[in-house]
A.B. asks: 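Pasting a structure below so you can have a look.
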Protein chains: 2
Amino acid sequence: MDLEIIVQGAQAESKPELKLWLRLLSTTKLISHEIRRRLRAEYGATLPQFDLLAQLYRERDGLRLGELSRRTMVTNGNVTGLVERLEADGLVVRETPDGDRRVTVAKLTPKGEEFFAGMAAAHEGWLRDMMADVSPELIQSMLREVGLLKISARNHLSGAEEE
Amino acid sequence: MDLEIIVQGAQAESKPELKLWLRLLSTTKLISHEIRRRLRAEYGATLPQFDLLAQLYRERDGLRLGELSRRTMVTNGNVTGLVERLEADGLVVRETPDGDRRVTVAKLTPKGEEFFAGMAAAHEGWLRDMMADVSPELIQSMLREVGLLKISARNHLSGAEEE
DNA sequence: CCGAAATGCTTTAAATGTCAAAGGTCGGCG
DNA sequence: CGCCGACCTTTGACATTTAAAGCATTTCGG
């Protein structure tokens, strides 16, 4: 039934980092699956598409594909395909600025803005619903603590990542 | 640079659930990417393969594919291909028990056990390293809180899921 | 200016992921 | 005995993902 319950078992008492990681991962998967299912059922959209549109919704002048890639933590090649599909759906347009013809900028169409606005409202409601049994204090507490974890992880990456 | 920093912006003050979700998601992605990269670089393995082997490592008698599917949160059809590749690598064997020929049980080979044991030790070390700046108290606290969040999310799924 | 290096995007191959439908197999009921 | 329904896995069609290779364009040193 539950990944972490089974993965632990015998030597569960120690290894708190591993335990926390498994719990984080399974919780995130659980919520992601639910959001993915609802996005698909109610809007015919995928989670990566939602993420990408969210970025563009906040930057009305559009974003370069490389920038989109970094912000969504999706690889370059993937952004290409995602934007292609969204463009085919009429939610996004691609433009090449005059200054640098290597660059492609994606931006929302009016249709895309309207479409995303509806999804975003529903998305927020789903999250409030799924977190309904968690007190506001606990949410604030987790927000802070997960922030610290994220900083720690970022400071211990193997790839050359400075700040 | 950072998904959540950008996604928030203007109306960031409210919507704590959304904010927490974005932070959870980006943190999990960050750690996943790092683990995936190291697994690939040092062991030539993928994250789903690691997950699947981890389940089998804890159940030396093997697991039915359907059970593997539930534990790894991966669909049935996907487990088939995953196990096929691992079998081709000699890490896993498939057997059909005498009692019920509908069933396929996957279990680790000695080679698979040895291989996974090495990966698991490294994996645990990577996690300790990435969480090095987080105090043990905070880890315990997050463990508890994320557990509560998971329960809340599970109780508010749209799919018919009782307990 | 020229050519090498860097930059930005796209393409490719292999793996993973979903979903739905098809294939065997088992169990029970008439 | 024989069939129907339930159970388990595989298959098939596609969408998504990553890493790496491939193109085109720009930048910079000489």
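Below, read A as the first sequence line, B as the second, and so on, with proteins coming before strands; counting in each chain starts at 1.
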A.B. asks: Within less than 4.0 Å of OP1 or OP2 of C:dT18, is there a side-chain N or O belonging to A:Arg37?
C.D. replies: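 It does not, given that no N or O in the side chain of A:Arg37 lies less than 4.0 Å from OP1 or OP2 of C:dT18.
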A.B. asks: In whole Å, I'd like the distance from the CG atom of A:Asp51 to the P atom of D:dT16.
C.D. replies: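 My rounded result for the distance is 13 Å.
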A.B. asks: Give the intermediate values and the outcome of salt bridge (Lys or Arg N to Asp or Glu O under 4.0 Å) for residues A:Arg71 and A:Glu59.
C.D. replies: CA-CA 12 Å; A:Arg71 294 195 187 193; A:Glu59 301 282 346; 3.4 Å; yes
A.B. asks: Side-chain N or O of A:Gln49 versus OP1/OP2 of D:dA15: is the shortest distance under 4.0 Å?
C.D. replies: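 So the side chain of A:Gln49 is outside the cut-off, no N or O lying under 4.0 Å from OP1 or OP2 of D:dA15.
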A.B. asks: Distance check needed: D:dT18 C1' versus A:Leu82 CG, whole Å only.
C.D. replies: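 Distance check: A:Leu82 CG to D:dT18 C1' gives 13 Å.
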A.B. asks: Send over the distance from A:Lys29 NZ to C:dG17 P, rounded to a whole Å.
C.D. replies: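 My rounded result for the distance is 7 Å.
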A.B. asks: Which pairs, protein N/O on one side and nucleotides 9-12 of chain C N/O on the other, fall under 3.5 Å?
C.D. replies:
from	atom 1	to	atom 2	distance (Å)
C:dC9	OP1	A:Leu65	N	3.3
C:dC9	OP1	A:Thr104	N	3.3
C:dC9	OP1	A:Thr104	O	3.2
C:dC9	OP2	A:Gly66	N	2.8
C:dT10	OP1	A:Arg94	NH1	3.4
C:dT10	OP2	A:Thr80	OG1	2.8

A.B. asks: Could you state the CZ-P distance from B:Arg36 to D:dA20, rounded to the nearest angstrom?
C.D. replies: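 Interatomic distance, CZ of B:Arg36 to P of D:dA20: 13 Å.
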A.B. asks: List, one per line, each side-chain donor-acceptor pair under 3.5 Å for residues 78-86 of chain B, sequence neighbours excluded.
C.D. replies:
none

A.B. asks: Mind checking what makes side chain to side chain contact (heavy atoms under 4.5 Å, CB included) contact with A:Asp89, not counting sequence neighbours?
C.D. replies: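 With sequence neighbours excluded, A:Asp89 shows a side chain to side chain contact (heavy atoms under 4.5 Å, CB included) to A:Leu91, given in chain and number order.
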A.B. asks: To the nearest Å, how far apart are A:Arg40 CZ and D:dC14 P?
C.D. replies: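 To the nearest whole Å, that distance equals 14 Å.
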A.B. asks: Just the rounded figure in Å: distance from P of C:dG17 to CD1 of A:Ile35.
C.D. replies: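 Checked: the CD1 to P distance equals 18 Å.
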A.B. asks: To the nearest Å, give me how far apart CG (B:Leu47) and C1' (C:dG17) are.
C.D. replies: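 Going from B:Leu47 (CG) to C:dG17 (C1'), I get 14 Å.
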A.B. asks: For B:Glu114, check side chain to side chain contact (heavy atoms under 4.5 Å, CB included) against everything at least two apart and list the hits.
C.D. replies: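 Listed in chain order: nothing, the list is empty.
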A.B. asks: Starting at the 5' end of DNA chain D and moving along, which residue's nearest nucleotide shows up first, A:Gly99 or A:Val74?
C.D. replies: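 Nearer the 5' end of the strand: A:Val74.
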A.B. asks: Are A:Tyr43 and A:Phe50 close enough that their ring centers fall under 6.0 Å?
C.D. replies: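 Judged by ring-centre distance (under 6.0 Å), A:Tyr43 and A:Phe50 do not meet the cut-off.
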A.B. asks: How would you list all residue pairs meeting salt bridge (Lys or Arg N to Asp or Glu O under 4.0 Å) that involve residues 129-138 of chain A, not counting sequence neighbours?
C.D. replies: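 Every candidate salt bridge (Lys or Arg N to Asp or Glu O under 4.0 Å) pair involving residues 129-138 of chain A fails, so no pair, neighbours aside, qualifies.
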A.B. asks: With sequence neighbours left out, which residue pairs that include part of residues 134-156 of chain A fulfil the ring-ring contact (aromatic ring centres under 6.0 Å, His included) condition?
C.D. replies: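 Not a single pair qualifies under ring-ring contact (aromatic ring centres under 6.0 Å, His included).
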A.B. asks: Please determine whether a side-chain nitrogen or oxygen atom of B:Arg101 lies at a distance below 4.0 Å from atom OP1 or OP2 of C:dG24.
C.D. replies: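 The answer is no; no side-chain N or O of B:Arg101 sits under 4.0 Å from OP1 or OP2.
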A.B. asks: Given C:dT16, is OP1 or OP2 found less than 4.0 Å from the side-chain N or O atoms of B:Thr46?
C.D. replies: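 For C:dT16, OP1/OP2 do have a side-chain N/O of B:Thr46 under 4.0 Å.
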A.B. asks: Does C:dA14 have OP1 or OP2 sitting under 4.0 Å from an N or O in the side chain of B:Arg85?
C.D. replies: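 For C:dA14, OP1/OP2 do not have a side-chain N/O of B:Arg85 under 4.0 Å.
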A.B. asks: Starting from P on D:dC8, measure out to CG on B:Leu63 and report it in whole angstrom.
C.D. replies: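 B:Leu63 atom CG is separated from D:dC8 atom P by 14 Å.
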